[in-house]
Structures are given as structure tokens and as C-alpha cells.
A.B. asks: 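Have a look at this one.
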Amino acid sequence: MTHRIAMSRRDIFTAMAALGVGSLGPATLGTRPAWAQDSGGEPERGLGEIARNAGRFYGCAVQASYLAKEPDFADAVVREAGVLVPEWELKWGAVEPQRGHFNFAPAEAILAFAEQNGMTMRGHTLVWHRNIPAWAKSALEAQDRSLMGIHIKQVMNHFPTVQDWDVVNEVLDPGSTRPDKLRDSPFLTALGPRYIAQAFRYARGVAPQARLVYNDYGVEYELPTHKTKRDAMLRLLESLKREGAPIDAVGIQSHLVTRSGVTFDPASYSAFLKEIAGFGLKIIITELDVQDTDLPADDSMRDRVLADAIQRYVEAALAEPAVAGILTWGLSDRHTWIDTDPTARRSDGLPSRSLPLDADLQRKPIWHALAEAF
Ligand code: XIL
């Protein structure tokens with residue numbers, strides 16, 4: 001079985017233009033890697049299928065350029081994922097770098113790739129304090145009250161088949177001096193604390209059936225900041241529900257760490273998920289990966305520790321019936337934001353081993369931990 005980057009001529013053209021590449025390479029991808037074959041010649045099941053059989057979903061974040069330029073990577077994505085998330089292509093700075101000048105082509109290329117290979121795409125992200133283009137940031141800071149709604153409508157209207165959206169991202173800050181712990185952001189400046197409920201209403205106006213998600217990080221561990229954020233999140237959810245905001249799910253990013261002194265407690269985490277579910281909301285693990293910042297260099301040692309951290313976390317998450325699925329932030333160690341982030345990458349310069357597949361697209365212990373947990 002080979003997978004095709006089955007894009008229309010128009011898709012190919014727009015993707016190429018967007019990526020600044022002259023050729024997409026061969027449309028038919030190369031021979032299947034060894035891990036994709038068993039003795040009977042039948043492909044081994046990927047995580048997407050394993051999750052689906054368990055009534056969950058599995059997917060990963062990707063960048064359009066990887067799919068276009070790396071056939072082996074594209075093949076692994078088709079093999080493993082049921083859902084794709086654009087890693088940056090739908091962020092405001094990417095879709096509308098100048099006011100009224102849209103660049104939807106890279107996200108369109110991911111959507112086309114997903115749909116033509118039997119996957120769905122989820123949208124990430126509409127309202128986020130980071131990656132706001134300069135023109136929009138100044139307009140919001142000058143208290144432009146219509147811009148957020150216009151932005152939500154423009155992006156969502158462009159992708160009517162996308163039915164799962166991170167509407168707001170990272171809206172809480174445990175270090176805030178505000179009692180509600182709402183993050184200081186241009187949206188808060190422009191619209192006040194009700195901007196979150198308003199964002200969900202705008203999104204619902206465009207997509208009556210879509211799953212509308214509030215996504216955030218920093219609630220996974222027994223750290224004081226995480227405890228503060230859990231409390232603030234539950235209070236925010238309560239107020240959103242009280243005023244009838246059309247929110248369907250909470251996304252928990254789940255950028256895990258293996259630093260000493262950072263404890264994961266399955267019982268306390270499960271109790272937190274149960275409280276979210278108690279609001280009638282679904283939960284998605286949206287950006288799972290695990291940092292190996294302080295671990296020794298040895299690969300197999302690192303792999304065991306990282307897989308163990310993932311397994312403990314994911315088993316606690318999947319024990320909660322409201323958890324609909326898991327997305328990793330990337331698929332292969334070939335491409336991970338961890339190696340580009342000064343606070344997350346290793347000080348010895350070694351590439352991290354934070355994702356299910358290694359840089360050669362071979363399955364690692366993290367892959368097996370996920371497969372087993374599903
Ligand atoms: C990150 C991407 O992975 C990077 O490539 C980009 O430079 C910055 O953003 N939380 C989020 C994601 O919600 O959008 C972030 O993605 C990682 C943290």
C-alpha cells in the first residue's frame with residue numbers, strides 16, 4: 001500500500017506557492033519502511049487505528065512543509081494519525097500577517113492532505129496572546145472591540161469542514177494578580193474578562209456543530225502554580241457554563257517534563273479531570289510530548305524514562321471516560337519544538353527524544369506506551 005499526496009492541481013499550486021518550493025517531489029511516496037510491514041505483508045496498525053478501536057482518537061501536530069518535502073515523514077503521518085493539527089499555519093500571525101492580506105494556503109495544504117488520506121484536521125488556534133500580528137496587536141490595545149469576532153469568523157468561515165477548534169488558548173496565568181487569574185493579553189485589554197465567552201459565541205455562530213475547545217497548559221503536576229491554575233480553570237469553566245457560553249471541551253496541552261521535584265499524582269489529576277467532566281465537557285489531551293532536559297545522554301535509558309512518564313500520564317487520562325482523544329505535538333523526533341525552545345531543549349545540545357517515533361521514523365518506547373494505554 002502506498003499513500004499519495006493526492007492534492008488537486010490547485011492545492012498543489014497554492015501549497016507550493018505558500019511554501020516557496022518549486023516542486024513537491026514525486027506524488028507517490030516511497031516504499032514502506034520496515035516497521036510498517038509484518039511477515040504477512042499486512043501493515044501493522046498505527047496509533048490512529050488503535051485509538052479508534054478503543055473509542056478514542058489519536059493525532060499529531062504537523063507543519064505543511066514537512067508533508068510537502070519529506071515523503072517518508074508524510075507516509076508515517078498517514079500510517080499513525082487519525083487527526084492532524086497545523087503546528088503554526090492557523091495562528092493569526094500566519095493567516096493574516098497584514099490586515100486583509102490572508103495566507104491560508106499552508107493550512108489548506110494540511111487539510112487537503114488530511115482529507116485525501118482519510119484523516120480530519122482540527123483548528124489551532126483562534127484567540128491566543130502569542131503570535132498576534134503587529135497590526136492586530138496595536139488595534140486590540142487601542143481597544144478595537146470588533147476585531148476578535150471578525151478574526152474568528154474569517155478563519156472559521158474559510159475552513160467549513162473543520163469541526164474541532166481551539167477557540168481560546170492559554171487564557172490563564174497563575175502569576176496574575178487578578179482574582180480570576182485571567183492572563184494579561186491584548187484580548188483582555190480590548191474586551192474585558194467576558195472576551196472568552198464572546199469568543200465561543202462568535203465561533204458557535206459560524207459553526208453550529210463544531211467542537212469548541214478551551215485549550216491551556218500548566219495543570220498537569222503537583223506544583224503550586226499548577227494547583228492555582230487548576231482552581232482558576234474550574235472557576236472559569238463554572239462561569240462560562242453559568243452564562244451559557246457554547247464551550248464543548250477542554251484541551252490540556254500536556255507538555256510533560258521529567259525534572260526532579262516535579263511530581264505527577266494520578267489520583268489528584270484524575271480528580272481534576274472528573275471535575276471538568278462534571279461540567280458536561282469533553283477533554284482532549286492536545287499537545288502531548290515529554291521533555292528530557294535533565295536526563296542523561298544514553299538513548300535507551302532516556303527512552304525508558306520518557307515512555308514511563310507518558311504511560312503514567314496517559315493511563316490516568318484515559319481512565320476518565322470524558323477524554324475523547326490524544327494528540328502529540330509532533331510525531332517524530334525529527335521535528336519537535338522542544339529542540340528550538342531555550343527552556344525545554346537539552347543543555348548538551350543532543351536532540352530530544354520526546355515523541356512516539358525517532359528521527360528515522362522508527363517506533364520508540366513512547367509509541368508502545370501510547371499503544372498499550374489505548
Ligand atoms: C509552538 C510551535 O510548536 C512552534 O513551532 C512555534 O514556534 C511556537 O508555538 N503551546 C501551544 C502551541 O499552544 O501552539 C505551541 O506551539 C507550543 C505551546
Side-chain angles (χ1 to χ4, degrees), residues 18-19 59-70 73 77 81 83-97 103 106-107 109-110 121-134 136-137 151-152 155 162 164-174 183 185-187 196 199 203 211-221 225-226 229 233 249-257 283-293 313 325-345 351-357 359:
L19 300 168
C60 61
V62 295
Q63 294 194 16
S65 63
Y66 312 153
L67 298 177
K69 293 177 187 167
E70 299 171 28
F73 183 83
V77 167
V83 181
L84 299 185
V85 190
E87 189 174 343
W88 64 269
E89 290 82 344
L90 277 177
K91 292 169 181 171
W92 198 347
V95 295
E96 196 181 1
N103 180 22
I110 296 175
M121 183 174 98
R122 69 185 304 269
H124 172 85
T125 176
L126 297 164
V127 174
W128 190 30
H129 65 288
R130 290 174 58 193
N131 220 299
I132 304 174
K137 195 157 185 262
H151 170 62
I152 290 172
V155 177
V162 174
D164 192 1
W165 287 92
D166 285 338
V167 177
V168 298
N169 193 29
E170 304 184 348
V171 299
L172 292 175
D173 171 10
R183 181 186 294 282
S185 91
F187 299 102
I196 298 170
R211 174 158 56 202
L212 303 182
V213 183
Y214 154 41
N215 193 44
D216 217 322
Y217 71 98
V219 292
E220 297 83 2
Y221 291 111
T225 50
H226 287 217
K229 206 156 169 179
M233 189 184 277
V250 170
I252 301 180
Q253 292 186 6
S254 314
H255 295 293
L256 305 185
V257 296
I283 298 163
I284 305 174
I285 303 302
T286 45
E287 305 184 15
L288 181 67
D289 54 19
V290 55
Q291 294 166 24
D292 53 5
T293 327
Y313 182 78
I326 295 177
L327 301 141
T328 49
W329 205 243
L331 176 63
S332 140
D333 297 335
R334 189 185 289 183
H335 299 295
T336 166
W337 74 295
I338 289 174
D339 288 342
T340 66
D341 187 304
T343 66
R345 69 173 173 228
S352 78
R353 298 183 62 82
S354 57
L355 289 165
L357 307 184

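What you are looking at is a predicted structure, and each value in this text was computed from that prediction instead of being measured. Remember, it's 1-based here, ligands and their atoms both numbered in the order they're listed.
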A.B. asks: Nearest non-hydrogen contact with atom 16 (O) of ligand 1 belongs to which option: W329, W337, Y217?
C.D. replies: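 It is W329 that holds the nearest heavy atom.
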A.B. asks: Taking atom types as modelled, find out whether Q63 and W88 have a side-chain donor-acceptor pair closer than 3.5 angstrom.
C.D. replies: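 On atom types as modelled, these side chains qualify, holding a pair under 3.5 Å.
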A.B. asks: Atom OH of Y66 and atom CD1 of I110: how far apart are they, to the nearest 0.5 Å?
C.D. replies: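 Y66 atom OH to I110 atom CD1 measures 10.0 Å (nearest 0.5 Å).
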A.B. asks: Got an N/O contact under 3.5 Å between K91 and ligand 1?
C.D. replies: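 Indeed, backbone or side chain, K91 has an N or O that close.
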A.B. asks: Ignoring angles and geometry beyond distance, decide whether W128 reaches within less than 3.5 Å of ligand 1 through its nitrogen or oxygen atoms.
C.D. replies: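 It does not: no N or O of W128 is found under 3.5 Å from an N or O of ligand 1.
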A.B. asks: At under 4.0 Å between heavy atoms, is it the side chain or the backbone of T125 that contacts ligand 1, or both, or neither?
C.D. replies: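 Answer for T125: neither.
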A.B. asks: Describe, in one word, how the ring planes of H255 and W329 are oriented to each other, choosing from parallel (under 30°), tilted (30 to 60°) and perpendicular (over 60°).
C.D. replies: perpendicular
A.B. asks: What do you think, any protein heavy atom under 4.0 angstrom from atom 7 (O) of ligand 1?
C.D. replies: no
A.B. asks: E87 to ligand 1: N or O pair under 3.5 Å?
C.D. replies: yes
A.B. asks: Please list the nearest protein heavy atom to atom 18 (C) of ligand 1 with its residue and the distance rounded to 0.1 Å.
C.D. replies: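 It is E287 OE1, 3.6 Å.
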A.B. asks: Tell me whether K229 contacts the main-chain N or O of Y217 through its side chain, where contact means a donor paired with an acceptor under 3.5 Å.
C.D. replies: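 Checking the backbone N and O of Y217 against the side chain of K229, a donor-acceptor pair under 3.5 Å is found.
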A.B. asks: So which atom in E220 and which in H226 form the shortest heavy-atom distance, rounded to 0.1 Å?
C.D. replies: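 Heavy atoms only, the tightest pair is N-ND1, 3.2 Å.
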A.B. asks: Can you list the ligand 1 atoms lying under 4.0 Å from a non-hydrogen atom of H124?
C.D. replies: 11 (C), 12 (C), 13 (O), 14 (O)
A.B. asks: Under 3.5 Å, is there a donor-acceptor pair linking the side chains of N215 and E287?
C.D. replies: yes
A.B. asks: Out of the candidates N169, D289, T286, D216, only one should pair with Q253 under the side-chain hydrogen bond (donor to acceptor under 3.5 Å, both in side chains) rule; please name it.
C.D. replies: N169
A.B. asks: Taking only heavy atoms of H255 into account, list the atoms of ligand 1 that are under 4.0 Å away from them.
C.D. replies: 18 (C)
A.B. asks: Against heavy atoms of Q253, which atoms of ligand 1 measure under 4.0 Å?
C.D. replies: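 Those qualifying, in numeric order: 10 (N), 11 (C), 13 (O), 18 (C).
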